[in-house]
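Read the numbers this way: they start at 1 and go in the same order the structure lists the ligands and their atoms.
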Amino acid sequence: MIVKTDQDAIKSYLEDSSNLKGGWAEEAVFPQSPEEISEILIRASRAGRPVTVSGGGTGAVGARVPRGGIVLSLERMNQDIDISRDVSQGIWLARCQAGVLVEDLKKKAESEGLFYACHPTEKTAALGGTVATNASGARSLRYGPTRRFVRALKVVLSAGDILYIKRGSRFISKKDSTVVLKSGRKILIPIPSYKMPAVKNSAGYYAKDGMDLIDLFVGQEGTLCVIAEVSLELEKRPEEIFSCFAFFSSEEKSWSFSQDALALDPLSMEYFDHNAIVMLMSKGLNIPRYAKAAIFFEKDTKSGKTDEAIEEWRALFKEYGAREEDAWAEIGEGESGKFIELRHSIPDMVNARIRRAGCEKISIDSALPRDRFPEMMNFYVESLGKALLEHVIFGHIGECHVHVNILPQDEEVAAAKALALQFVRKAVLLGGTVSAEHGIGKIKHAYLEELYGREGVLEMARIKKALDPAWILGPDNIFPAKLAEEL
Ligand SMILES: Cc1cc2nc3c(=O)[nH]c(=O)nc-3n(C[C@H](O)[C@H](O)[C@H](O)COP(=O)(O)OP(=O)(O)OC[C@H]3O[C@@H](n4cnc5c(N)ncnc54)[C@H](O)[C@@H]3O)c2cc1C
């Protein structure tokens, strides 16, 4: 097994897209099988050495930034993609090593007339990372987040046990939450009492009385196990897709359009505020001058039915004053088209800007109940306007989930953080979540406590203690490592 200790050779594993500083590790290890992962974890548990799991390193909350010890990278478990039909369930499955990149699964699935419908905008994420964060993407509007696609996992616990979990095969409840391992060892998982918000959610551990055990390992941010292998459901490719960028003369009009357009059952519905448009303009694109907001959507149709579908959208364009002649449209498998690249370029430019400024990402990733979403959008815009803080708002508006990125100057960082906390409090008050897809990582502990309170966070820590008694996996992810002392 490859082990790297040279600090120059491991420095790229000490960061992610959050720009969180202070990452360090004594070594990075590159296992090639679940058995090798098991050996590493057994040794680390005995020595009490922290292990931070590394996927593609595209995470947005500092979760893969190590705080000492060992970086366990899955990048050498990136070859196997086995696509097959599961006749008993009537679905297509891709069984993959956890280090396989999203883009490689996409290519392989497409070559077989299938597609992986749920993935983050960033295609260099590894599948294990997307499961560990319960990532979602533009098409989650139609298909749901990663959790909905995970059919089976092979995971390695910190004591070295290798566990294969198939969805539907093991449920845990307050009455019976004992998991018996192959070795005969029993683990009692303390089912928490906090209630998850009824919106798209990736904040802390999934918890419900009677839940499927597999769901505990989706969205756990490398704190409960190392995911070695994932089985993901694939979909049949839509026959035709048309995608469109439409421009609006006011942000409010685009918000209303996005919600009414849901009746036309789009695949995706993404938002760009005025500041995001200005960013796109810097790429020399021909965007109408009146544009204060844009919506990007994709609609799938049966072969030969695209013209009919476009008519329905035309009518809606008229209602909201989106000029058809200014809209950009594309017919084909939009996924590989320029629009997806444009959508991706916004977070890319935001992250580059944060890196240049040398500050940590200050972003809100809340999803809201649909009826409270307009109130939240108004609150974002009014508060940021009053505070005179530079910002960009974009994202999954169809799911009432936008990313608010605050881009402060040095002297404004404290004010920006205080405002971000106000946003989080308001989202919780309105029944929303503090993280719909990025997770909590190391930079949003305070947000998680806003959602579930101190006791809720302690309940999560107790789950970790049960599964990772040596407390070596992903320390400081989701909640502070020092919580271990309070249990
Ligand atoms: C430009 C850009 C756009 C993005 N857009 C989106 C988006 O639309 N939606 C979205 O959800 N996210 C988005 N992200 C964030 C990011 O891509 C996702 O969070 C992604 O799921 C992270 O995967 P990764 O492999 O890069 O994970 P990493 O950053 O390597 O790790 C993330 C977390 O997962 C853990 N982990 C990784 N692999 C494993 C494993 N095998 N076993 C156990 N734990 C593991 C790590 O320890 C860490 O806690 C975007 C990021 C960028 C840079």
Practice task
For A135, counting its heavy atoms only, list the atoms of ligand 1 lying under 4.0 Å from any of them.
Solution key: 11 (O), 21 (O)
Problem - Pair E15 + R355: basic N to acidic O under 4.0 Å - result: no
Handout entry: Heavy-atom nearest neighbour of atom 43 (C) of ligand 1 within options C225, G439, A352, G128
Key = C225
Handout entry: A126 contact mode with ligand 1 (heavy-atom cut-off under 4.0 Å)
Key = both
Handout entry: ligand 1 contact by G474, heavy-atom criterion under 4.0 angstrom
Key = no
Handout entry: Test: R148 and E235 ion pair at under 4.0 Å
Key = yes
Fill in the blank from the handout: Restricting to heavy atoms, the pick from V65, T133, D365 nearest atom 32 (C) of ligand 1 would be T133
Handout entry: Salt-bridge contact D104-K123 (side-chain N to carboxylate O under 4.0 Å)
Key = no
Fill in the blank from the handout: Checking heavy atoms under 4.0 Å, the part of V53 that sits near ligand 1 is both
Problem - Lys/Arg N to Asp/Glu carboxylate O, R95 vs E229, below 4.0 Å - result: yes
Handout entry: Spatial distance of atom CD1 (I463) from atom CG (L458) [nearest 0.5 Å]
Key = 11.5 Å
Completion exercise
C400 and Q259 have their tightest heavy-atom pair at SG-OE1, 3.9 Å
Fill in the blank from the handout: Closest heavy-atom approach to atom 35 (C) of ligand 1 among A132, S202, G99, P347 is made by A132
Practice task
Measure the distances from the heavy atoms of A228 to every atom of ligand 1 and state whether one is below 4.0 angstrom.
Solution key: no
Exercise for the section: Answer yes or no for T52: is there a heavy-atom contact with ligand 1 below 4.0 Å? Expected result: no
Problem - Short N or O distance, G59 and ligand 1, threshold 3.5 Å exclusive - result: yes
Problem - Under-4.0 Å salt bridge between D300 and R142 - result: yes
Problem - Residue portion contacting ligand 1 (non-hydrogen atoms closer than 4.0 Å) for T58 - result: both
Practice task
Decide salt bridge (charged side-chain N to carboxylate O under 4.0 Å, His left out) for R49 and E27; before the verdict, give the C-alpha distance in whole Å, the side-chain angles of both, and the deciding distance to 0.1 Å.
Solution key: CA-CA 11 Å; R49 294 179 77 197; E27 61 185 33; 3.6 Å; yes
Fill in the blank from the handout: Going by the 4.0 angstrom heavy-atom rule, the piece of N477 near ligand 1 is side chain
Problem - Nitrogen or oxygen atoms of N351 and ligand 1 under 3.5 Å apart - result: no
